[in-house]
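One-based numbering along the sequence shown.
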Amino acid sequence: MPEETPVLDALSAITAVSIVGSELPAREHIIARLAALIAVDAPTASYLLNTGSAVEVGITLEDVQSLLVAVAPIVGTPRVVSASAKIAEALGLAVALVEEEIEEELAAAED
């Protein structure tokens, strides 16, 4: 039985509505969201919640690095260093979640 995730579901819905309602192309919209997360020193979970959308629109690690360089003069070194660590942690969590999902699917297939 799937786990209930009402908060995650609500945040996903808000993100979807935000993308659809914006006149920015999806890729630029996500870049703007990531820049805002960096500017407000968002927690790791916020980056994790945006990872799927970023991947879907083709945001690469090089794009994120360039974004960090671009906003550094505005937000400052501490925010960029903080964001870098949180982004790396979010990506590590995302990889771990995918690995766990694959392991569960393999175990289910063996049964």
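A donor-acceptor contact shorter than 3.5 Å links the side chain of Ser84 to the backbone of Val80.
Using a 4.5 Å heavy-atom threshold, the side chains of Ile38 and Tyr47 count as touching.
The side chain to side chain contact (heavy atoms under 4.5 Å, CB included) check on Leu106 picks up Ile102, with sequence neighbours excluded. Scored by the side-chain hydrogen bond (donor to acceptor under 3.5 Å, both in side chains) test, Ser82 finds Asp41, Lys86 as partners (sequence neighbours excluded). Annotation: side-chain hydrogen bond (donor to acceptor under 3.5 Å, both in side chains) contacts of Ser53 (sequence neighbours excluded): none.
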Give every donor-acceptor pair under 3.5 Å between a side-chain atom in residues 54-79 and any protein atom, sequence neighbours left out.
| from | atom 1 | to | atom 2 | distance (Å) |
| --- | --- | --- | --- | --- |
| Thr60 | OG1 | Glu62 | N | 3.4 |
| Thr60 | OG1 | Glu62 | OE1 | 3.4 |
| Thr60 | OG1 | Asp63 | N | 3.0 |
| Thr60 | OG1 | Asp63 | OD2 | 3.1 |
| Asp63 | OD1 | Arg27 | NH2 | 3.1 |
| Asp63 | OD2 | Arg27 | NH1 | 3.1 |
| Asp63 | OD2 | Arg27 | NH2 | 3.0 |
| Asp63 | OD2 | Thr60 | N | 2.9 |
| Ser66 | OG | Glu62 | O | 3.1 |
| Arg79 | NH1 | Ala39 | O | 2.2 |

Atom pairs and distances, side-chain donor-acceptor, residues 17-26, under 3.5 Å, sequence neighbours left out:
| from | atom 1 | to | atom 2 | distance (Å) |
| --- | --- | --- | --- | --- |
| Ser18 | OG | His29 | NE2 | 3.0 |
| Ser22 | OG | Leu24 | N | 3.0 |
| Ser22 | OG | His29 | ND1 | 3.3 |

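Screening residues 97-108 for side chain to side chain donor-acceptor pair (under 3.5 Å), with sequence neighbours left out, gives no hits.
Taken together through direct or relayed side-chain contacts under 4.5 Å among Ile, Leu, Val, Met, Phe, Trp and Tyr, Leu37 and Leu91 form part of one hydrophobic cluster.
Here the CG atom belonging to Leu93 is positioned 6.5 Å from the CG atom belonging to Leu97, to the nearest 0.5 angstrom.
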